[in-house]
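These notes are about the structure you will find just below.
As a basis for the values below, the full set of heavy atoms in this structure was taken, side chains included, without hydrogen atoms, waters or symmetry mates.
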Amino acid sequence: MKRLSILFLSVIFGFSTTAQTTITNGGFENWGNTTPGLSSEPTNWYSNQSGSTIAALGPQTCFQDNTVVHSGIYSVRVESKTYLGNVVNGNVTTGVVDAPTLSKVNGYIGTVNYTTSSDIRHMSFTGRPDSLVGWYQYTQGGVTEQGKIHAILHTGDYYDPDTPYTYHPNATANKIGDAKFLTPLANVTSWTRFSVPFTYVSGSSPTYIMVNVTSSADQSTTIAGSKLWLDDLQAVYRPSGINNVSITEEDVNVYAYDKTVCVNFMNGNPEQSMLTIFELSGREVFSEKIAGNQFSAFKLSDLNT
């Protein structure tokens, strides 16, 4: 058994009093939209098949997967496909896939259908989370391919990318903050956790969240075959009303064995704390609340060595 040498530990205590809204159907367990009635789309999510008129001409790029699953019964898979000599980026979104013209450079994802202005798709969300967290696998169609997961907190309507304004209005004033994750330039063949922080540009609370998932980070990709699996997507909140309490090595014992991290507050801890683990690059790979006065063990078998 390997005991971690700890001379000083700063434990964060507190609780959140802000609204902690969640991403609807972030586990992708529910499928089939009553509007527009496509069983190939997760409930409350959409793809190019229910996009604007030109976007809907493309092939199915969003799939229900029951063989590559992190938890539950299903995950979502988006896959770049070739259609009439062009590559359609794999996509799933809480908004509308809009293609104003046949030129891919003019395409975007928005909350308003380009060809049916009464078709407005908003996912309600009023919290201010710390980070966007989920689990993914990725297969590159080519060595330059990366998948992308982009969450935007906003009021009113929004569009991604937000420029240029040729085919949609300038809605940048509606942006509250966003979080963006790009997969590595490599195949990721086992479920891997990602965590990216939200960057806020406004102190206001959002009204909605728009989450856009594509199998290629480049909307103008000419490479088919890229596949991105996503499961257990969630917004993670840090406790508010935080107090930093100094804990010495006589008060807490933290040790690891067999990819398990154990935390034991030997002299008691009446408050709630948070265990957060970072890899050497500084990227957060695990975060979990710890109840007071309890011995806690966390299995990390899903993380790389």
> Going by distance alone, is a donor N or O of one side chain under 3.5 Å from an acceptor N or O of the other, for Q64 and S40?
Replying inline: no

> Can you find a pair of side-chain heavy atoms, one from Y46 and one from C62, that are under 4.5 Å apart?
Replying inline: no

> Do S202 side-chain atoms and I176 backbone N/O form a donor-acceptor pair below 3.5 Å?
Replying inline: no

> Pick one: which of F181, F286, W135 meets ring-ring contact (aromatic ring centres under 6.0 Å, His included) with F194?
Replying inline: F181

> Is a donor on one side and an acceptor on the other found under 3.5 Å between the side chain of T221 and the backbone of D218?
Replying inline: no

> Does a side-chain heavy-atom distance below 4.5 Å link S75 with D65?
Replying inline: yes

> Would you say the side chains of T172 and N170 form a donor-acceptor pair under 3.5 Å?
Replying inline: yes

> Is a side-chain donor-acceptor pair under 3.5 Å present for W191 with D231?
Replying inline: no

> How close do Y158 and A171 get, heavy atom to heavy atom, and via which atoms?
Replying inline: CE1-O, 3.2 Å

> When you look at E41 and S50, which way does the side chain to side chain contact (heavy atoms under 4.5 Å, CB included) test go after all the steps?
Replying inline: CA-CA 9 Å; E41 295 179 332; S50 61; 2.7 Å; yes

> In Å and rounded to the nearest 0.5 Å, what is the CG to CD distance from N89 to Q219?
Replying inline: 8.5 Å

> Does any non-hydrogen side-chain atom of P42 lie less than 4.5 Å from one of V92?
Replying inline: yes

> Which residues satisfy the side chain to side chain contact (heavy atoms under 4.5 Å, CB included) test with V88, sequence neighbours excluded?
Replying inline: N48, P59, T61, Y83

> Any link between F28 and L228 through a network of hydrophobic side chains (Ile, Leu, Val, Met, Phe, Trp, Tyr) touching at under 4.5 Å?
Replying inline: yes

>> Run N106 and T166 through side chain to side chain contact (heavy atoms under 4.5 Å, CB included) and show every step you take.
In response: CA-CA 8 Å; N106 294 325; T166 306; 5.7 Å; no

>> With rounding to the nearest 0.5 angstrom, report the NZ to NZ distance, K81 to K227.
In response: 7.0 Å

> Any idea which heavy atoms bring F125 and I23 closest together, and the distance?
Replying inline: CE1-N, 4.0 Å

> Will you find, in the side chains of E79 and S215, an N or O donor that is under 3.5 Å from an N or O acceptor?
Replying inline: no

>> Taking E29's backbone N and O only, do any of them form a donor-acceptor pair with N25's side chain (distance below 3.5 Å, no angle check)?
In response: yes

> Do V133 and L300 share a hydrophobic cluster, counting only Ile, Leu, Val, Met, Phe, Trp and Tyr and linking them when any side-chain heavy atoms are less than 4.5 Å apart?
Replying inline: no

> Looking at F198, does the NZ or CZ of R128 lie under 6.0 angstrom from its six-membered ring centre and within 45 degrees of the ring axis?
Replying inline: no

>> Side chains of N113 and T115 only: does a donor on one sit below 3.5 Å from an acceptor on the other?
In response: yes

> Quick one: are L153 and P129 in side-chain contact, heavy atoms under 4.5 Å?
Replying inline: yes

> In Å and rounded to the nearest 0.5 Å, what is the CZ to OG1 distance from R121 to T111?
Replying inline: 10.5 Å

>> For A55 versus V97, what's the shortest heavy-atom pair and its separation?
In response: CB-O, 3.4 Å

>> Is it true that N187 and T139 share a donor-acceptor pair across their side chains at a distance under 3.5 Å?
In response: no

>> I'd like to know whether K148 forms a side chain to side chain contact (heavy atoms under 4.5 Å, CB included) with V213, so could you lay out the CA-CA distance, the side-chain angles of the two residues, the decisive distance to 0.1 Å, and finally the verdict.
In response: CA-CA 6 Å; K148 181 171 70 173; V213 181; over 6 Å; no

>> Testing the basics here: between P161 and Y108, what is the closest heavy-atom pair and its distance to 0.1 Å?
In response: CD-CB, 4.0 Å

> Within a strict 4.5 Å, meaning less than it, do heavy atoms of the L185 and V143 side chains meet?
Replying inline: no

>> To the closest 0.5 Å, what do you measure between CG (D157) and OG (S117)?
In response: 10.5 Å

>> Taking the basic N atoms (NZ, or NE/NH1/NH2) and the acidic carboxylate oxygens, is any pair closer than 4.0 Å for K180 and D178?
In response: no

> Does the side chain of W229 reach to within under 4.5 Å of the side chain of V69, using non-hydrogen atoms?
Replying inline: no

> Looking at CD1 of I223 and OG1 of T144, how far apart are the two atoms once the value is rounded to the nearest 0.5 Å?
Replying inline: 3.5 Å

>> We want to know whether Q137 and S190 form a side-chain donor-acceptor pair, criterion being a heavy-atom distance below 3.5 angstrom.
In response: no

>> For a quick check under 3.5 Å, do H150 and D160 share a side-chain donor-acceptor pair by atom type?
In response: yes

>> Set out, in order, the CA-CA distance, both residues' side-chain angles and the distance that settles side chain to side chain contact (heavy atoms under 4.5 Å, CB included) for I209 and I152, then state yes or no.
In response: CA-CA 6 Å; I209 188 170; I152 304 160; over 6 Å; no

>> To check you understand the geometry: which heavy-atom pair defines the closest contact between S287 and T276, and what is its length?
In response: OG-OG1, 3.6 Å

>> Hydrophobic clusters here meaning ILVMFWY residues chained together by side-chain heavy-atom distances under 4.5 Å, can you tell me if Y138 and V76 are in one?
In response: yes

> Taking atom OG of S80 and atom CG of N91, what is their separation to the nearest 0.5 Å?
Replying inline: 8.5 Å

> Out of curiosity, does Y237 fall in the hydrophobic cluster containing M123 (side-chain heavy atoms, cut-off under 4.5 Å, transitive links)?
Replying inline: yes

> How close do T163 and Y165 get, heavy atom to heavy atom, and via which atoms?
Replying inline: CG2-OH, 3.2 Å

>> Does either side chain, that of S226 or that of E145, offer a donor lying less than 3.5 Å from an acceptor on the other one?
In response: yes

> Got L102 and I54 here, is their nearest side-chain heavy-atom distance under 4.5 Å?
Replying inline: yes

> Would you say K104's side chain and A99's backbone share a donor-acceptor pair under 3.5 angstrom?
Replying inline: no

> Do L132 and Y208 belong together in a cluster built from hydrophobic side chains that touch within less than 4.5 Å?
Replying inline: no

> Between the main-chain N or O of Y114 and the side-chain N or O of D98, is there a donor-acceptor pair closer than 3.5 Å?
Replying inline: yes

> Does Q146 use its side chain to pair, donor to acceptor, with the backbone of P184 at less than 3.5 Å?
Replying inline: no

> Does a side chain donor of either N212 or T93 reach within less than 3.5 Å of an acceptor in the other side chain?
Replying inline: yes

